[in-house]
Amino acid sequence: MGCKLGIVVTSACLLAFGAGLAPAHADAVAVSAVVQNVVASAESPNGQLHVDISIDGEGRLSYAVTRAGKLVIAPSRLGFVLANAPKLDGGFAAGAITHASHDETWEQPWGERQFVRDHYNEVRVEAVQAAQGNRRLAVVFRVFDDGVGFRYEFPDQQQLHDVRITDELTEFHVADTATAWWALGGELSNLEYLYKQTPLDQLSQAQTPVTLKTQTGTYISIHEAALIDYAAIWLRRTDGQTLRTQLAPSSLGPTVVRQAPFNTPWRTMIISDTATDLPMSNIELNLNAPNKLGDVSWVKPYKYVGIWWEMHLDKATWSSGPRHGATTANAEHYIDFAAKNGFRGVLVEGWNKGWDGTWYGNGADFSYTEPYPDFDIKAVSAYGLKKGVHLIGHHETGGNIAHYEDQMDDALKLDQSLGIDSVKTGYVHEFGAARMRAPDGSIFYGNTDSQQAVQHYLKNVVTAAKYHVAIDTHEPVKDTGLRRTYPNWVSREGARGQEYNAWGNPINPPEHDVNLVFTRMLAGPMDYTPGILSLEGNKKDLYSTQAKQLALYVVLYSPIQMAADLPENYAKYPKAFQFIKDVAVDWADTQVLNGEVGEYVTFARKDRHSEDWYIGSIADENARTLSAPLVFLTPGVTYEAQIYRDGPKADLKGDARFDIVIETRAVTRTDTLTLTLAPGGGEAIRFTPVKGKARPSAKAGRK
Ligand code: NOJ
Ligand code: CA
C-alpha cells in the first residue's frame with residue numbers, strides 16, 4: 001500500500017518520514033513519496049499552491065508546500081523550545097482541524113495601490129501533546145494565489161500560561177536547488193548591508209526578506225508579517241538548503257516572554273513564476289490587522305527637502321559651532337526653497353541639544369525638546385506654516401531607547417504644538433546593542449531586533465499617533481506590514497540608503513537599487529532619499545546616471561520622498577529637477593512591466609490624485625534595452641509623455657553620467673516605448689493627459 005496525501009496515515013508512511021526521507025531535487029522524487037503523514041491541507045483559491053500539514057511517527061509537526069504539483073518547500077519542521085516547560089516539539093497528535101475562506105477588498109489610506117484584495121483559504125490545526133496533559137499549540141496557514149502565510153497560536157491553558165520561548169524551530173526546506181539574494185542578519189550594522197547573490201547552500205544568517213530563485217525558475221521570498229511583541233527572525237542555514245528561524249536574542253533571558261493567549265507573527269513566502277510578480281504581492285499587508293487608528297486623514301504623503309545631505313557631505317555639522325547646519329537662517333532658506341518648488345516638508349537634523357559629544361551608539365546627551373540657541377524652532381515652524389511648509393522633526397537616539405522614552409511624550413507634544421506632523425527617528429548604534437529599560441526599571445543593553453526593541457518601535461508609533469504625528473524610522477526594526485494597522489508608520493530605512501553614496505566604503509554599487517526592489521522593498525516603503533542630481537558624494541562619484549536618480553522616485557516606493565540634494569545643485573539642473581517637482585508620491589495603482597532580480601526593473605504607477613501615470617526604470621551595471629507597452633493608459637486618451645532618459649553617451653562613470661535627454665511625445669495605450677538604459681542608468685517618464693484634444697481614433701493612436 002502506498003502513502004496517500006490526506007488524513008489516512010499508514011505505518012509505511014510513518015517509517016518513511018521518520019527515516020528523514022527528503023528530496024535532493026524536487027522533480028527527482030514524487031511529491032507523495034516525501035509529503036507523508038498529512039493531517040490537514042489547504043489550497044490557494046486558484047488551486048495552484050497547496051500546503052500539507054503533517055504529524056510524523058514521533059508526533060513532530062511539519063508542513064510542505066507544492067505549486068502546480070511540484071514540491072517547493074519540502075517537509076519542514078514546526079515547533080518551539082521553551083525555557084520554563086518541556087518543548088513544543090514531538091508527542092503531538094492532531095486535535096481540532098478547521099477550514100475557512102476569505103475574499104475581501106479593502107482600501108488603503110495611502111499606498112502603492114488604492115484597493116487591495118485579500119483572498120485566501122485557511123486551515124487551522126490544533127496539535128495536542130497527550131504526555132503534557134493535553135497541552136495545545138495551533139498552527140494556522142493562509143494560502144493565497146501568490147504565497148503562503150502561517151503563524152502559531154498559543155491558546156490560554158492551565159498547562160502553559162506563561163510562555164518563555166528559547167527557540168522557534170520553524171524551517172524552510174527549499175526543495176529545488178536555488179540562488180539566494182540575501183544580506184547579513186544579526187550583525188553589526190543596522191540592517192545596512194549590501195546584498196549578496198550566492199547559491200542558497202552558501203547562505204549563513206540573513207535578515208529577511210530573503211529572495212530565492214530555483215533552478216526551475218520559481219521565485220520565493222521569505223519574510224514575516226505583523227511583528228508585534230515578539231523577537232524578529234533572522235534565517236540561519238542549518239544544512240544544505242534548509243533555513244531555520246533564529247529569534248533575535250534578549251539580554252533578559254528567553255527570546256520571547258508572553259502570556260497566553262497570543263499569536264506569533266506570520267511567517268511568509270511569496271511564491272511566483274516571475275520576478276515581476278514579487279513586488280505585486282499584497283500578502284504582507286493582508287496578513288496584518290486593519291487600521292486601528294480610525295480617521296487617519298492627518299497622515300499626509302508628501303515630498304520634502306532638508307538640512308541633511310550637507311552634513312553627510314561634511315559641509316555642515318549636526319553639532320553646534322561655526323559650521324552648524326540647523327540654524328534659523330538656513331532652515332528659512334530651505335523653507336523658501338520648499339515653498340517655491342512645491343515641497344510640503346523640510347527636515348531639520350541637528351536642531352536639538354546633544355550632538356556635541358559622541359552621539360552614535362550613545363545618545364545620553366540628547367534633548368528632544370530643547371533646540372540649540374541658534375535655531376529658533378518656534379519662529380522657524382511658524383515661518384514655514386505661513387508658507388504652507390511643515391517642519392519634519394528629527395529624533396536621533398544613538399540607540400539610547402530608554403533615554404528617548406523618558407522624553408517621548410513631551411517631545412511629540414511639542415511637535416504637535418508647532419505643527420510638526422511627522423518625525424524622522426534614528427537608532428544609530430552597532431551590534432544591535434541598544435540601551436533599554438527592563439520591566440523592573442533597570443537598564444540593560446539589548447538587540448534592536450529583540451522583543452523589547454520591537455515593543456519600543458511600536459510604542460513610538462502609537463504614542464506619535466496620539467499627537468497626530470507620522471513616523472519615519474531610521475535604523476529600524478524591519479518592516480512587516482504594520483502600516484496597515486498603524487498608517488502613521490509611513491516609512492523607514494532598514495537598508496543601505498543614499499547616505500552610503502556620501503561616505504560609504506564602498507558606496508552603493510549600481511545593482512544595489514535593483515536588489516532592493518526584490519528584497520528589502522518587499523517588506524514595505526523605504527526612505528531611501530533619492531534625487532542626488534549632482535551625482536557626487538563626499539569626494540565620491542555615484543554609480544548612477546542623472547536619469548536613474550529621477551527613476552528612483554517611481555521605483556523605490558515611499559509615501560514620503562526626499563529631494564535629497566542641496567538647493568544649489570537643483571538650481572544647476574532645473575530641467576531634470578522638474579521631474580522631482582512633478583512626480584507623485586501616492587498611487588492608485590502599481591504595475592511591474594519587466595524585471596529580473598539584481599539586473600533591471602520597470603514600474604508603472606498611477607497617481608492617486610490625478611490622471612497622470614509614471615514610469616521608472618533602472619538598470620544594474622549593464623546597459624539594457626527594455627520594452628514598455630503602454631497598455632495601462634486609459635483607452636481613447638492621448639497623453640503627453642515627458643521623458644527623462646539616458647543620453648547616447650550616458651555611462652556609469654565620469655561626465656557621461658550627466659548625459660540626459662529630456663523630450664516629450666504624444667502617446668496612447670497602443671504604443672510601446674523602448675527604454676534604452678545606460679550602465680547604472682535609468683529612465684523616468686510622466687504621462688499626462690493632453691487636454692482639449694479630441695479622442696484619437698483607434699487607428700490614429702496606433703504606431
Ligand atoms: C543615520 C540616518 O540614516 C541618517 O539619515 C541621519 O542623517 C543620521 N543617522 C543622523 O541621525
Ligand atoms: Ca542609516
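In what follows, every heavy atom counts, from backbone to side chain, and hydrogens, waters and symmetry copies are set aside. Order of appearance sets the numbers: ligands from 1, and atoms from 1 within every ligand.
- Contact annotation for W355 and ligand 1: only side-chain heavy atoms (C-beta onward) come within less than 4.0 Å of the ligand.
- An N or O contact shorter than 3.5 Å is missing between E192 and ligand 1 by distance.
- For the pair V210/Y195, no side-chain contact is recorded, criterion being any heavy-atom separation below 4.5 Å from C-beta on.
- Between H312 and W318, the ring center distance clears the sub-6.0 Å criterion.
- The H394 neighbourhood of ligand 1 comprises atoms 11 (O), with distances under 4.0 Å to a heavy atom of that residue.
- Here E192 contributes OE2 and E475 contributes OE2, and at the Ca ion (ligand 2) these two atoms make an angle of 100°, given to 10°.
- Aromatic pair H456/Y427: ring centres closer than 6.0 Å.
- For atom 5 (O) of ligand 1, the closest heavy atom belonging to the protein is K424 NZ, 2.6 Å.
- Looking from atom 4 (C) of ligand 1 to the surrounding protein, the closest heavy atom is E499 OE1, 3.2 Å.
- Distances between N or O atoms of E396 and those of ligand 1 include at least one value under 3.5 Å.
- With the Ca ion (ligand 2) at the apex, E499 OE2 and E493 OE2 define an angle of roughly 70° (rounded to 10 degrees).
- Ring centroids of F343 and Y304 are separated by 6.0 Å or more, keeping the two rings apart.
- Taking the six-membered ring for Trp and the full ring otherwise, the centers of W355 and F366 sit less than 6.0 Å from each other.
- For atom 6 (C) of ligand 1, the nearest protein heavy atom (residue, atom name, distance) is E349 OE1, 3.4 Å.
- Less than 4.0 angstrom separates some heavy atom of E493 from each of these atoms of ligand 1: 3 (O).
- Within a 6.0 Å radius of NZ in K540, more than 12 heavy atoms belonging to other residues, nucleotides or ligands are found.
- Ligand-side atoms of ligand 1 in range of V428: 1 (C), 9 (N), range being under 4.0 angstrom from any heavy atom.
- With a 4.0 Å heavy-atom cut-off, ligand 1 is reached by no atom of M311.
- The aromatic ring centres of Y600 and F518 sit 6.0 Å or more apart.
- Ion pairing between E112 and R483 holds under the 4.0 Å rule for side-chain N and carboxylate O.
- With respect to atom 1 (C) of ligand 1, the closest heavy atom belonging to the protein is E475 OE2, 3.1 Å.
- Using a 30° and 60° split on the angle between ring planes, Y570 and F577 fall in the parallel class, below 30°.
- Remark: distances from the non-hydrogen atoms of W318 to ligand 1 include one below 4.0 Å.
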